[in-house]
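Some notes on the structure that comes next.
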Amino acid sequence: MARPATSSDGVPFRPMSTSPVITRFAPSPTGHLHIGGARTALFCWAFARRTGGRFMLRIEDTDAARSSDESARGIMEDLAWLGIEWDDGPRFTTADGRVIAANARPIDGGYFQARRVPIYNRELERLVRTGRAYPAFEGAEELEAKRKAAVAAKVTYRYERPADVKPGEFNAARWERACKGEPHVVRFVAPFEEIVVHDRVLGDVTNAPGELDDIVIRKADGFPTYHFAVVVDDEAMGVTHVLRAQEHLANTPRHVAMQKALGYRTPVYGHMPLIFNMDGTKMGKRDRDKAAKKFYRERLGDSPPNPDAMAYLMEQWVNKSNLAEPTKHARMSIVGQAISYFAYESRNDLRKFKPAEIVAQVWPSLAQGSKPVYESHLRKFQKLLEGTSSGKFAQWLRDASLQLDPEHVDCLADALDVILPEVEVSHFRANGYSPEAICNFLALLGWNPGIKTSDGKDLEKFNMKFLAENFSIERIGKTNAKFDRVKLASFNGDYLASLSDAEYAARLTAWLNEFEPEAGAKIAALGARLPILVAVTKPRAKTLRDTLRAAGFVLRADDSTDFDAAAVEKNLKANDGQGLALLREFRERLAACEPFDPAALHALMDAFVKEKALANPGPIAQAVRVAVAGVPVTPGIGETLAILGKESTLARIDRCMSVV
RNA sequence: GGCCCCGUCGUCUAGCCUGGUCCAGGACACCACCCUUUCACGGUGGUGACAUGGGUUCGAAUCCCAUCGGGGUCACCA
């Protein structure tokens, strides 16, 4: 097949073949969408778009024990969020009301495999009656023992075909036993012949005769295995091109053999390189568990949590929310009291731990608006206790091979205020990555447009439309890739920077409302000063979450600034208190400054610097910075003060002068 | 271990099919300098790779072979 030229008029290329391309992404709904799965979906989507074909989503829920509707929904949400929309598959309504797969091709039995069991059974019986499959009655334990023995003896384990099974001959005796209800699985009779897979990415992959053994195609619970369901469905749903990860390459000869036995067509295959962590390990949830363990040990040692550790974790949360309680001491006291209340009243029965009651009893005078916040912290605290109070936690801390419940891992990370390595699409989303940047980056992992820009650089930045118009299987690479989160962050930062201030503000607000509602409320309260914050944080942010850190001084209440001791020494007290003296004087200028906007404030400072004959604005700028933020790092000083507003600025400077 | 796949800067890659224009280009990261009131942004420059060994050829990152290295897979999971 000749490589089609890129159409200059944007009209999608259509193949000469009469059958339009149909690709599919077929996740198993046993968890969230993995970033590697997202890339597979993206490539399948892009190829379908490029060729004017259809992209299908099929839910492979034949593992009854592990599959869940919730997971399937989550995967669809993640795909929709990324902008990877399926033409065929379950109908899905996105959060913003778009309907995906509204015009899906009607498929007999639908797109959930668990509901297609009669179809698999019909095809399976055809195989059995033509002697290409047979019921097998060995128990799982029996086979497991054989396998272990083989491994111990360092021999390759293969399932041995029973002597009474003859290829091509219907084994009525076995079928009868199976039909009578004897527990069994059904196995496929592997043909003794060379099988060549014509892979569009890797070239021809040849398997010698006898390499295949008789795999299970229907489990004892009556569900087909993946191998069988895939083959039946790809045919039934007209799939023409299968793009999947290379980990499936070894399965493909079996699939081809089954297609032949069933008289099916063989789709075009393309196996894509795998994606790993930077250290070469597989990207998985364990990475998060490991990272959380490491962070905990760094902060709190290898002892299980005691009241001190709990107090520390609660303090992290409380500090993050920067509540307007009088003092840090007072903030901590509610934490301490909550812990004792918990220990005394509940006697470690977590069901008796009622955040709302604690807030009401321990701190009746709490400001109305703070109550829900404290309650939410206490709820997280409760969940954390769930995860850490059992003996399991102590073991987990010491044993690198043990894992905590992922929910508790997330909770622990939240308490420690650390970012765990992202491995699922939802993690990237929660950490403030944009779908555009993720798709762009993912597209470059194993694929490359091979186009130079006018200044001779490789074309790397592009959008979904470009992908839909330029994607090609022949430019998929063969070598495994490592997932460089640093480069992704750079792409994300560039993407955010390319947004207009208004767009950025909209995204930021939406993200805050979803993932950091407390901070979101405070930032929304900025009102007319929000655009200044946006303008100043946008170039500093690799992710939306970065903005939260850059805007930390805004979130903090005027009277809850913690002054960094080194900064106070260097910028306020050094040189006989030069900074403090300048600050005192400059405070009065600020009080009189009108309007209180960045330009006026910069002008005010420039004039002050000139008047005081300072070599540069450093002494006063840094003094003000430390006074209002507690730290020597903030955006431009004029912007910083303007965002705070005159009232807060003066209050903070006054408090600083009285406290330090 | 059997079978299969892969091997260009630390990482993602262009170049390989159609050997010379490649003492190998770009991006991220890193380093230096510039800009600068801090942190960023931005600008300029730099360090840095054809896994190794044999062939073939006037000439090899590009073709062939071997070695080494990495990975996948060997489930009643997908």
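Residue numbers begin at 1 in each chain, while the letters A, B, ... track the order of the sequences.
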TODO: Describe the nucleic acid contact of G636(A) in one word from base, sugar-phosphate, nothing, applying a heavy-atom distance below 4.0 Å.
DONE: base
Task: Complementary nucleotide of U52(B), counting Watson-Crick and G-U pairs under 3.5 Å - done: A66(B)
Open item on the list: Under 4.0 Å, counting only non-hydrogen atoms across every strand here, what does E460(A) touch: a base, just sugar-phosphate, or nothing?
Closed with: base
Task: Proximal nucleotide (of U38(B), A29(B), C76(B)) relative to the V486(A) side chain - done: A29(B)
Task: Charged N-O contact under 4.0 Å between R556(A) and D562(A) - done: yes
- [ ] Measure from the side-chain heavy atoms of Y157(A) and tell me the nearest of U8(B), A78(B), A75(B).
- [x] A75(B)
Open item on the list: Can you tell me which nucleotide in A78(B), C5(B), U13(B) comes closest to the side chain of S28(A)?
Closed with: A78(B)
TODO: Using the C1' atom as the reference point in each nucleotide, state the distance between C41(B) and A60(B) in Å, no decimals.
DONE: 44 Å
- [ ] May I ask you to decide if the ring planes of F428(A) and F483(A) are parallel, tilted or perpendicular, using 30° and 60° as cut-offs?
- [x] tilted
Task: Nucleotide opposite C30(B) in a Watson-Crick or G-U pair, distances under 3.5 Å - done: G46(B)
Open item on the list: Would you measure the distance from the P atom in C74(B) across to the matching atom in G42(B) and give it in whole Å?
Closed with: 46 Å
- [ ] Look at the rings of W447(A) and F462(A) and say which category their plane angle falls in: under 30° parallel, 30 to 60° tilted, over 60° perpendicular.
- [x] perpendicular
Task: Residues from residues 132-145 of chain A lying under 4.0 Å of RNA chain B - heavy atoms - done: E138(A), G139(A), A140(A)
Open item on the list: Strictly by Watson-Crick or wobble contacts shorter than 3.5 Å, is anything paired with A24(B), and which nucleotide is it?
Closed with: none
Open item on the list: The side chain of H248(A) is closest to which nucleotide in this list: A78(B), A29(B), U13(B)?
Closed with: A78(B)
Task: Phosphate contact (C6(B) OP1 or OP2) by K478(A) side-chain N/O below 4.0 Å - done: yes
Open item on the list: Ignoring hydrogens and geometry beyond distance, is a side-chain donor-acceptor pair present between S67(A) and T30(A) at under 3.5 Å?
Closed with: no
Open item on the list: Taking only the P atom of each, what is the distance from U56(B) to C65(B) in whole angstrom?
Closed with: 15 Å
Task: Check: Y226(A)/S28(A) side-chain N/O donor and acceptor closer than 3.5 Å - done: no
TODO: Would you please classify the geometry between the F586(A) ring and the F608(A) ring as parallel, tilted or perpendicular, with 30° and 60° separating the classes?
DONE: tilted
TODO: Ignoring backbone atoms, establish whether K570(A) has a side-chain N or O less than 4.0 Å from OP1 or OP2 of U37(B).
DONE: no
Task: Option among R254(A), R132(A), E123(A), M258(A) that satisfies the side-chain contact (heavy atoms from CB on, under 4.5 Å) test with I217(A) - done: M258(A)
Open item on the list: Please name the nucleotide paired to C35(B) by Watson-Crick or G-U wobble geometry with both distances under 3.5 Å, or report none.
Closed with: none
- [ ] Check whether the side chains of D233(A) and Q113(A) place a donor and an acceptor atom closer than 3.5 Å, and report yes or no.
- [x] yes
- [ ] Could you classify C17(B) for me, syn or anti, using a glycosidic angle within 90° of 0 as syn?
- [x] anti
Open item on the list: Using the P atom as the point on both nucleotides, what is the distance between U13(B) and C6(B), in whole Å?
Closed with: 15 Å
- [ ] Round to a whole Å and report the spacing from CG of N480(A) to C1' of U11(B).
- [x] 14 Å
Task: Modelled atom types, side-chain donor and acceptor of T252(A) and H271(A), under 3.5 Å - done: yes
Open item on the list: Rounding to an integer number of angstrom, what distance separates C28(B) and A49(B) when you compare their C1' atoms?
Closed with: 16 Å
Task: Given RNA chain B, 5'-ward residue of the pair K457(A) and E639(A), judged by closest heavy atom - done: K457(A)
Task: Nearest listed nucleotide, side chain of A250(A), among C12(B), U73(B), U37(B) - done: U73(B)
Open item on the list: What's the closest nucleotide to the side chain of L249(A) if the choices are C4(B), U13(B), C77(B)?
Closed with: C4(B)
Open item on the list: Looking at C4(B), I'd like to know if its phosphate oxygens (OP1 or OP2) sit under 4.0 Å from a side-chain N or O belonging to T206(A).
Closed with: no
Open item on the list: Heavy atoms only, 4.0 Å cut-off, all strands: where does T537(A) land among base, sugar-phosphate and nothing?
Closed with: nothing
Open item on the list: Please classify the nucleic acid contact of P253(A) as base, sugar-phosphate, or nothing, using heavy-atom distances under 4.0 Å.
Closed with: nothing
Open item on the list: Go nucleotide by nucleotide along RNA chain B from the 5' end; which of N616(A) and G477(A) gets its closest nucleotide reached first?
Closed with: G477(A)
TODO: Find the partner of A14(B): check Watson-Crick (N1-N3 plus N6-O4 or O6-N4) and G-U wobble (N1-O2, O6-N3) distances, both under 3.5 Å, and reply none if neither fits.
DONE: none
Open item on the list: Closest approach to the side chain of V185(A), judged atom by atom: which nucleotide of C5(B), G72(B), C76(B) is it?
Closed with: C76(B)
- [ ] Examine distances only and state if a side-chain atom of K542(A) and a backbone atom of F491(A) form a donor-acceptor pair shorter than 3.5 Å.
- [x] no
- [ ] Salt-bridge test for R147(A) and E144(A): reply yes if a basic N is under 4.0 Å from a carboxylate O, no otherwise.
- [x] yes
Open item on the list: Below the 4.0 Å mark, does A75(B) have OP1 or OP2 next to a side-chain nitrogen or oxygen of R147(A)?
Closed with: yes
Open item on the list: Between R58(A) and D234(A) (salt bridge meaning N to carboxylate O under 4.0 Å), is one present in this structure?
Closed with: yes
Open item on the list: Heavy atoms only, 4.0 Å cut-off, all strands: where does N251(A) land among base, sugar-phosphate and nothing?
Closed with: base
Open item on the list: Roughly how many Å apart are G72(B) and G53(B), using the C1' atom of each and rounding to a whole number?
Closed with: 27 Å
- [ ] Identify which nucleotide among C41(B), G26(B), G71(B) has an atom closest to any side-chain atom of F276(A), counting heavy atoms from C-beta outward.
- [x] G71(B)
Under 3.5 Å, which protein N or O atoms sit close to an N or O of nucleotides 15-19 of chain B? Give each pair with its distance.
unit_1	atom_1	unit_2	atom_2	d
G15(B)	OP1	R475(A)	NH1	3.2
G15(B)	OP1	R475(A)	NH2	3.3

Open item on the list: On the side chain of D458(A), is there an atom forming a donor-acceptor pair with the base of G25(B) - under 3.5 Å, no angle test?
Closed with: yes
Task: Complementary nucleotide for G19(B) - Watson-Crick or wobble, under 3.5 Å - done: none
- [ ] Look at the side chain of R540(A) and decide which nucleotide, out of A27(B), C39(B), A29(B), has an atom nearest to it.
- [x] C39(B)
TODO: Inspect the contact between K487(A) and E460(A) and indicate whether a charged nitrogen and a carboxylate oxygen are less than 4.0 angstrom apart.
DONE: yes
Open item on the list: Under a 3.5 Å cutoff, is there a donor and acceptor pairing between the side chains of H241(A) and R24(A)?
Closed with: no
- [ ] Identify the nucleotide, in any strand shown, that forms a Watson-Crick or G-U wobble pair with U57(B), with both distances under 3.5 Å; if there is none, say none.
- [x] none
Open item on the list: So for K487(A) and A29(B), does any side-chain atom that can act as donor or acceptor lie under 3.5 Å from a complementary atom in the base?
Closed with: no
Task: Residue R625(A), side-chain heavy atoms: nucleotide from C76(B), C12(B), U37(B) that is nearest - done: U37(B)
TODO: If C3(B) has a Watson-Crick or G-U wobble mate with both distances under 3.5 Å, name it; if not, just say none.
DONE: G72(B)
Open item on the list: Distance check, P atoms only: A51(B) and A61(B), in whole angstrom units.
Closed with: 10 Å
Task: Gap in Å between the two C1' atoms, one belonging to C50(B) and one to G2(B), rounded - done: 32 Å
Open item on the list: In whole Å, I'd like the distance from the NE2 atom of H34(A) to the C1' atom of A78(B).
Closed with: 14 Å
Open item on the list: Whether R549(A) contacts C39(B) is assessed here as follows: a side-chain N or O lying under 4.0 Å from the phosphate OP1 or OP2. Is that the case?
Closed with: no
Open item on the list: So R187(A), base contact, sugar-phosphate only, or nothing? Heavy-atom distance under 4.0 Å.
Closed with: sugar-phosphate
Open item on the list: Applying a 4.0 Å non-hydrogen cut-off, can you work out what T634(A) is touching in the nucleic acid: base, sugar-phosphate, or nothing?
Closed with: base
TODO: Indicate, with a heavy-atom threshold strictly under 4.0 Å, whether L202(A) touches base, sugar-phosphate, or nothing.
DONE: sugar-phosphate
